[in-house]
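Just follow the structure's listing: the first ligand is 1, and inside any ligand the first atom is 1. The analysis underlying the following values was restricted to heavy atoms, covering all of them including side chains, and did not include hydrogens, waters or symmetry mates.
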Amino acid sequence: MSHVIGIDLGTTYSCIAYLEGSQPVVIPNLEGLQTTPSVVSFTSTGERLVGTLALRQAITNPRNTIFAVKRLVGQKFASPEVQKARERLAYRLVEAPNGDVLVSLDSRSLSPQEISSMILGYLKTCAESFFGGKVTDVVVTVPAHFNDHQRQATKDAAQICGLNVQRVINEPTAAGLAYGLNTGNNGTAAVFDLGGGTFDITLLEISDGVFNVLATNGDSYLGGEDFDNRVLEWLVEDFRRETGLDLAPDKLALQRIKEAAEKAKRELSFTLETEINLPFISSDKSDSKHIRKVLTRGTLEALTADLVEKTVPHIEKALADARLGPESIGQVILVGGQTRMPMVKKKVTEFFGRVPEEHINPDEIVAMGAAVQSGILHGRVQDLVLLLDVTPHSLGIETENDGYEVIIDRNATIPTHKTKAFTTVEHNQRRVKIHVLQGESPLASLNVSLAVFELVGIEPAPAGVPQIDVTFEINADGLVQVSATDVETGRQHKIEIRPSSGLMPSEVKEIMRSLGEGEGKPGADG
Ligand code: AMP
């Protein structure tokens, strides 16, 4: 019997779970830990390290240690987000020929998908060692507001390491599933998910085994890392004021400060003050310089209050889309490690007027929900009947003068499809171009370009005579598919697709070949 596995591929930490009977259980990694740092490193001897081992040597090898690659998955190099990330990352980013972003190591460049596949490959190895047998089928989670490129890139990453993705599901939906299964509670729930790199709010109705997502909203660039960076900036600025030395160009020092900042931030969820000690962080002609600084919870809160505040408009939009008020939410579930921060809990409590559910492990619940979803797909979960999720972004096409026509509205229940008739505007026109976009802006150029679909081989005819029905579909993974039918003949119409981003299927296969079918290897795998 095949194993029922779910993976939460997080920005900072990842987690893997399986279904034991009808209960989801976390699979420990090779070091015996419940979660694995989403970090990959390449040593000077060419050894590849994943997880804790990679994290441990990050300080001495910052240029070849890759953190938070999830923030780069499915992104363009020129995007403001990637450009902003470049300023802080100790590793280098370069532009791929198709405009995507690549991670540039001392020896070679790798796509974010390849690096994600190394993390997934490690988790696969952990599961195989746990079960003593091969693992192939898996449900993988993504942030709810991930667009088509980001979802496809995650799927490609899994394929590269030899995993067959049964379903891609949204992280907050997975958390809702695990919670619902565990408690048996019915009602309207809000899942507030603030992880290492992303924020999602999802509203769902749970009713006797039917999980109906009502609305979702979020921000790909809001997470625990931003909190760490605030503390880092505060320390760097303080050091500059005291010593006149600028640490910004010193990647090694920044890496040490970032680790210390994250540690201090975590501690301040449980204590009111903590000391940050970084001896020999720099030196000038006369002396070695050290950082020794007390950080209080109050200062941390002042440094990051606006980040917590940034979640509010997203919650409001999700509530408006679901036509609900905060008072109609029966349960509030916190997911993602950053929700351990007392200021985050306080904000959520104030907003909804109720205390979030206790006894949920925010680091593990998403992977557990993914395992539950895998169990549903395998027919191993009896009490659950149906999961109805939604698409986070509107899907549409470019029209004249940079216009945008929405075909499928955001928060439509998936899978879904809509058909639109296309024709020619010139006599004997042989091709019709359809530029498919995702987003909410009325201007085409401000939305995310998914692909250009070209209907080719149209028979010569006067303008307006050919009739081609184009069906836009969003499948259960949240992925977009387009097909076309010639109305007269009823035949499938030929389409040429030029995706705006990502690896082509042939490239995925090529990478798999070069890796020997992506065999998962232990944390240190040369
Ligand atoms: P996740 O991606 O859900 O694993 O969330 C990881 C994020 O949660 C990282 O930014 C961590 O620094 C943060 N985090 C973990 N534990 C705590 C804590 N006790 N207090 C504040 N943030 C935390």
Would you call R230 and D306 a salt bridge, taking side-chain N to carboxylate O under 4.0 Å as the test? yes

Under-4.0 Å salt bridge between R340 and D363: yes

Could you list the atoms of ligand 1 found under 4.0 angstrom from a heavy atom of R340? 16 (N), 18 (C), 19 (N), 20 (N)

Test item, G195 contacting ligand 1 (heavy atom, 4.0 angstrom): yes

Can you report which non-hydrogen protein atom sits closest to atom 23 (C) of ligand 1, along with the distance? G337 O, 3.2 Å

State whether K263 and E259 are salt-bridged, where the test is any N-O pair (Lys NZ or Arg NE/NH1/NH2 against Asp/Glu carboxylate O) under 4.0 Å. no

Best match, A264, G336, S269: closest heavy atom to atom 20 (N) of ligand 1: S269

Electrostatic pair R151:D148 at N-O distance under 4.0 angstrom: no

With respect to D228, determine whether any N or O atom, backbone or side chain, lies less than 3.5 Å from an N or O atom of ligand 1. no

Backbone, side chain, both or neither: what part of F270 comes under 4.0 angstrom of ligand 1, heavy atoms only? side chain

Are the aromatic rings of F130 and Y18 close, with centres under 6.0 Å apart? yes

When you measure from atom 6 (C) of ligand 1 to every protein heavy atom, which one gives the shortest distance, and what is it? T12 OG1, 3.0 Å

Closest by any non-hydrogen atom to atom 1 (P) of ligand 1: pick that one out of G224, P362, A68, G196. G196

Would you say the ring centers of F131 and H3 fall short of 6.0 Å from each other? yes

Evaluation steps, salt bridge (Lys or Arg N to Asp or Glu O under 4.0 Å), between K317 and D219: CA-CA 12 Å; K317 268 191 214 131; D219 185 342; over 6 Å; no

Of the listed options M341, E262, E364, Q338, closest to atom 22 (N) of ligand 1 (non-hydrogen atoms): Q338

Identify the protein heavy atom lying closest to atom 4 (O) of ligand 1, giving its residue, its atom name and the separation to 0.1 Å. Y13 CB, 3.6 Å

